[in-house]
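Everything on this sheet refers to the single structure shown next.
Every chain is numbered from 1, with letters handed out A, B, ... down the list of sequences.
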Amino acid sequence: MSLRIFNTLSGRAEVFEPLGTPVRIYCCGMTPKFHPHIGHARLFVDVDFMRRTLEHLGYEVRHVQNFTDIDDKTILRAEEEGITAEEVARKYTESYFASMAQLAVKPADEYPTVTGYMERIIQFVERLVEKGFGYVVGGDVWFSVSRFPDYGKLSGRAGDAGLIGVRKDLEPGKRDPRDFALWKAAKPGEPSWRSPWGPGRPGWHIECSTMVRETLGDQIDIHCGAEDLIFPHHENEIAQSEALTGLEPFAKYWPHVGWVTAEGEKMSHSLWNFVTLQDVLERFDPAAVRLFLLQTHYRSPLAFSEEGLAASSRSLPALRAAYGQEENVPGVAEISSESALHLLQRFDAQLEDDFNSPGAVGVMFETAHEVNRASDADRDQVRAVLRRMVEVLGLPLSARRSEPASTETILLIEFLIELRAELRQEKQWVLADKVRDGLKALGIVLKDGPQGTIWEREDREGRSAVI
RNA sequence: GGCGACGUAGCCAAGUGGUUAAGGCAGGGGUCUGCAAAACCCCUAUCGUCGGUUCGAUUCCGACCGUCGCCUCCA
């Protein structure tokens with residue numbers, strides 16, 4: 001088997017054949033104009049899962065993700081908050097990193113920003129003008145779509161069809177309704193940068209073309225982002241980049257991540273119907289949030305729901321128990337148990353089928369059950385495989401939210417367990433149960449097993465940890 | 001209007017032209033336990049509707065119904 005990736009460019013899944021090593025991935029990041037919401041989390045968790053899959057399958061990966069730290073929205077937000085656009089970008093970029101760390105999203109290798117690449121963006125626009133793909137009107141620079149015959153190949157909006165829906169009222173100076181801004185002259189009071197065309201700032205699409213080229217090269221393997229970026233953003237990126245370099249494809253594979261909806265509608269900052277990640281991570285275990293997101297395939301629409309999050313939370317204790325605590329488990333390479341290897345193969349097959357995370361999650365749960373079913377001889381091996389699966393899915397199972405219990409608390413609990421053991425020996429069931437119920441009320445759960453009684457702390461929705 | 005996605009058990013969600021249609025949550029029965037908890041075993045789906053192709057379709061094609069999205073800033 002080999003990895004297959006759905007490519008928006010061709011409209012079907014294709015066998016993944018990288019251009020070289022490392023595999024170069026660029027992901028359109030966020031505009032830090034507010035706290036990230038669940039929709040952002042979905043994109044970045046899914047992309048992180050793709051990256052982990054590639055690494056698991058033996059590829060070396062170089063992953064770049066940008067921040068659009070200056071645009072109309074950050075400027076607007078700055079006015080609302082009474083701070084500078086720069087401060088807005090910094091504040092919400094920090095919020096992004098805080099939430100992503102909780103979700104165990106691996107950091108990208110580089111996080112370019114618009115402001116950090118301003119000179120090179122300007123040079124990129126200059127080259128496009130020189131080559132006749134851009135034209136200057138006043139302080140604005142426009143990309144001339146008619147000069148790029150391949151326009152529309154990603155989104156399927158070509159020719160006349162592409163015209164429909166484009167803003168009807170032609171902006172002053174535009175020669176063709178499809179043309180889009182490479183550089184926008186600054187309005188009074190707006191942040192601006194000096195350029196050959198006067199003070200202004202980059203159009204929305206040129207930043208990504210520039211940053212891809214500067215950080216990864218003229219042609220890359222995978223360019224991802226959310227579905228809504230297909231048109232016009234990614235379409236325009238292709239036009240700019242391929243026009244400049246004369247090389248195609250600009251990016252070989254274009255997987256696009258689907259929506260998160262809230263109450264039947266697409267969740268978005270502009271509709272104000274979003275749930276911030278901060279808020280969700282406050283109320284639910286980060287591992288449950290990540291699991292919830294991964295339980296839907298990246299291309300399918302995902303309906304946000306508290307019930308879904310709660311269901312994912314409830315599935316964690318069993319998974320954590322099978323995952324185990326401190327035990328040393330063998331490395332995946334040393335595994336000989338046939339059932340363990342078979343499970344891993346089935347897991348990999350799901351990954352290779354266009355990053356089928358729900359399928360992979362299914363195999364992971366089967367593996368967790370197999371840990372309990374396996375013979376003593378095989379258990380560690382199955383557990384090792386389970387741990388690898390959890391790692392590839394990136395579930396932060398071992399992250400612990402609550403404060404560790406103090407030594408005194410632990411001694412006290414152990415004393416009560418001893419006391420209860422004696423009561424049980426004397427068949428003083430009422431008193432023994434009173435101890436157990438009392439601890440339960442404090443969030444301490446006792447479990448009697450063949451080796452004695454163990455205790456766990458129940459934190460939040462369905463979360464428990466052996467301490 | 002143009003382009004596209006989706007409709008599988010109570011809920012969420014994979015998947016397949018023909019043996020038993022994953023997995024999670026919820027529910028039911030059982031084993032274990034002093035009772036629980038955990039764990040394990042078992043049970044719960046004629047795959048939106050109507051046609052067509054086929055020896056055979058939930059899976060392919062068409063129509064219809066329903067839900068959602070992009071075409072304007074959007075992850």
Worksheet item: Rounding to the closest angstrom, what is the interatomic distance between B:rU44 and B:rC50 at atom P?
Response: 25 Å
Worksheet item: Hey, what's the ring geometry for A:Tyr151 with A:Phe231, parallel, tilted or perpendicular (30° and 60° as the breaks)?
Response: perpendicular
Item to complete: Check whether any side-chain nitrogen or oxygen of A:Arg436 sits under 4.0 Å from OP1 or OP2 of B:rC35, and answer yes or no.
Response: no
Worksheet entry | Contact under 4.0 Å: A:Asn372 side-chain N or O vs B:rA38 OP1/OP2 | no
Worksheet item: In whole angstrom, what separates A:Asp46's CG from B:rA13's P?
Response: 14 Å
Worksheet item: Is the distance from OP1 or OP2 of B:rA26 to the nearest side-chain N or O of A:Arg314 less than 4.0 Å?
Response: yes
Discussion item. Using the P atom as the point on both nucleotides, what is the distance between B:rU53 and B:rU59, in whole Å?
Written reply: 15 Å
Discussion item. Under 4.0 Å from OP1 or OP2 of B:rA75: is there any side-chain N or O of A:Thr31 that close?
Written reply: yes
Item to complete: Using the C1' atom on both, measure B:rA26 against B:rC11 and round to a whole Å.
Response: 8 Å
Practice prompt. Return the residues of residues 6-15 of chain A meeting this criterion: a heavy atom under 4.0 Å from some atom of RNA chain B. Order them by number, or give none.
Written response: none
Worksheet item: Taking the same atom, C1', in B:rU20 and in B:rC32, what whole-Å distance lies between them?
Response: 28 Å
Discussion item. If we ignore hydrogens and angles and just use 3.5 Å, is the side chain of A:Lys73 paired with the main-chain N or O of A:Lys33 as donor and acceptor?
Written reply: no
Worksheet item: Think A:Arg12 forms a cation-pi with A:Phe6, using NZ or CZ under 6.0 Å from the six-ring centre and within 45 degrees of its axis?
Response: no
Worksheet item: Is there a side-chain polar atom (N or O) of A:Lys440 under 4.0 Å from OP1 or OP2 of B:rA38?
Response: no
Worksheet item: Considering residues at least two apart in sequence or located in another chain, which fulfil the side chain to side chain donor-acceptor pair (under 3.5 Å) criterion with A:Glu414?
Response: none
Fill in: Contacting residues from residues 416-428 of chain A, given that a heavy atom lies under 4.0 angstrom of RNA chain B
A:Arg420, A:Arg424
Discussion item. I'd like the P distance from B:rU33 over to B:rG15, given in whole Å.
Written reply: 42 Å
Discussion item. OP1 or OP2 of B:rC40 versus the side-chain N and O atoms of A:His369: is any pair under 4.0 Å?
Written reply: yes
